[in-house]
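All remarks here apply to the structure that follows.
In this text, all values refer to a predicted model and were calculated from it rather than measured experimentally. In this chain, residues are counted from 1 in sequence order.
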Amino acid sequence: MNRAFNRKKDKSWMHTPDALAKHYIPYNAKFLGNTEVDQPKGTEIVKEAVRKLKFQRHIKKSEGQKTQKVELQISIYGVKILDPKTKGVQYNCQLHRISFCADDKTDKRIFTFICKDSESNKHLCYVFDSEKCAEEVTLTIGQAFDLAYKKFLESGGKDVETRKQIGTLQKRIQELETENSGLKKQLWELEEQLMIAPVPPAGSISLKPPMSTDVFDMVPFSAVTPLVPIPASNGTPPPPTTSPPDMSKDLFGAEPFDPFTCGQADFPPDIQSRLDEMQRQRWRGSKWD
């Protein structure tokens, strides 16, 4: 924090203590990115990081990519880097992990700070581009350090542990929110799949075993099984099936007439005598056959 505190010799702090202790100071800037550095501080260290990230930005611009816009929230607890639209926290750099902060004198739009990553313990240099407030952001971070250090002396060091615990809880909350977003996305994808291929309701699935076939891959005939027309393989409908005619009835559904089975009382005597003669002739003919 040498550059930020050295600048304070000829410039007073810009914000009230309560603004940084109870709230935060927001700034908008373009985020060039972060890169690992070998040392936790040093002007040449950040200059090399700035050159590297500027070169990467030129490559991205040539590919049509725009520089990411972010919102910085500075307080005595650290520097948060958020998406300006969704307000989602992308990085939460705790103040006790920031070891160096400076703005570029050769390019007054650029400001940087070095922060030790809580997971990998690597030193990362964050580089930003702001046309109007690069120096002001650097001084605001310096003022946050000054207030945090005074609070540390007043509390006898207990406040630092409290901030560490708060930072750990904030990080865990962020991880849970990310996990929750992933679960919501999976649930939405499952709902989309169910809408495309609906599952039949329980109890509607038939558990009947498939019918067995003979060696010609045909369903064997059963006298008790009704004949059901099967569509032809070429798509033409099968011919309609007809039941065999009932021989016990005539065309009009009446019992057929047999004059030889009728009783004698059914006809007059003269007709009955002729029928008897015809019956005898029929009997003789069948006998000689």
Side-chain angles (χ1 to χ4, degrees), residues 1-37 39-54 56-57 66-118 123-151 163 167 170:
M1 293 303 301
N2 293 339
R3 293 291 295 273
F5 279 108
N6 289 341
R7 199 73 49 80
K8 194 250 180 185
K9 292 179 180 179
D10 50 9
K11 290 189 177 183
S12 59
W13 296 130
M14 304 180 63
H15 307 285
T16 62
D18 287 344
L20 287 166
K22 298 181 179 180
H23 305 283
Y24 59 83
I25 306 298
Y27 290 100
N28 292 321
K30 293 181 179 180
F31 184 37
L32 274 66
N34 58 29
T35 183
E36 184 181 356
V37 292
Q39 302 295 328
K41 59 183 179 179
T43 303
E44 295 301 322
I45 297 296
V46 295
K47 282 184 178 180
E48 181 62 28
V50 170
R51 282 194 295 265
K52 180 179 179 180
L53 293 174
K54 276 186 174 181
Q56 292 180 1
R57 181 175 66 170
K66 295 182 179 180
T67 306
Q68 180 185 6
K69 294 181 179 180
V70 296
E71 178 183 328
L72 302 178
Q73 294 182 355
I74 303 173
S75 68
I76 63 172
Y77 300 105
V79 179
K80 289 184 179 180
I81 305 172
L82 301 88
D83 184 293
K85 294 182 179 180
T86 64
K87 301 300 180 181
V89 179
Q90 298 179 352
Y91 299 95
N92 185 14
C93 303
Q94 300 174 16
L95 200 68
H96 66 276
R97 292 184 174 274
I98 297 177
S99 55
F100 190 81
C101 178
D103 56 279
D104 193 346
K105 290 292 130 186
T106 59
D107 186 351
K108 296 185 178 297
R109 301 165 56 101
I110 302 297
F111 64 93
T112 67
F113 63 81
I114 298 176
C115 180
K116 188 176 182 180
D117 186 67
S118 59
H123 295 284
L124 301 177
C125 182
Y126 293 78
V127 180
F128 302 88
D129 184 339
S130 177
E131 183 178 357
K132 298 179 179 180
C133 56
E135 184 178 5
E136 182 179 339
V137 172
T138 305
L139 289 173
T140 302
I141 295 176
Q143 184 180 1
F145 265 96
D146 184 41
L147 293 173
Y149 181 68
K150 290 179 179 178
K151 196 171 183 181
R163 288 202 302 270
Q170 289 175 343

No-hydrogen, no-angle side-chain donor-acceptor test under 3.5 Å, [X] and [Y]:
X      : Y      : value
Asp18  : Thr16  : no
His15  : Thr140 : yes
Gln68  : Gln90  : yes
Tyr126 : Thr35  : no

- Task: Could you tell me whether the side chain of Val79 reaches within less than 4.5 Å of the side chain of Phe113, counting heavy atoms only?
- Result: yes
- Task: Compare all side-chain heavy atoms of Gln39 with those of His123 and state whether any distance is below 4.5 angstrom.
- Result: no
- Spatial distance of atom CG (Leu139) from atom CD1 (Ile25) [nearest 0.5 Å]: 12.5 Å
- Take Val37 and Ile114, measure what side-chain contact (heavy atoms from CB on, under 4.5 Å) needs, and give me the verdict at the end. CA-CA 8 Å; Val37 292; Ile114 298 176; 4.1 Å; yes
- Where Ile76 and Ala21 come nearest, the two heavy atoms and their spacing: CD1-CA, 3.7 Å
- Query: How far apart are the closest heavy atoms of Leu95 and Ala148, and which atoms are they?
  - Reply: CD2-CB, 3.7 Å
- Message: Is it the case that the ring center of Tyr27 lies less than 6.0 angstrom away from the ring center of Phe128?
- Response: no
- Assess whether atom NZ of Lys132 is packed by more than 12 heavy atoms of other residues, nucleotides or ligands within 6.0 Å. no
- side-chain contact (heavy atoms from CB on, under 4.5 Å) assessment of Lys54 paired with Asp107: CA-CA 12 Å; Lys54 276 186 174 181; Asp107 186 351; 2.8 Å; yes
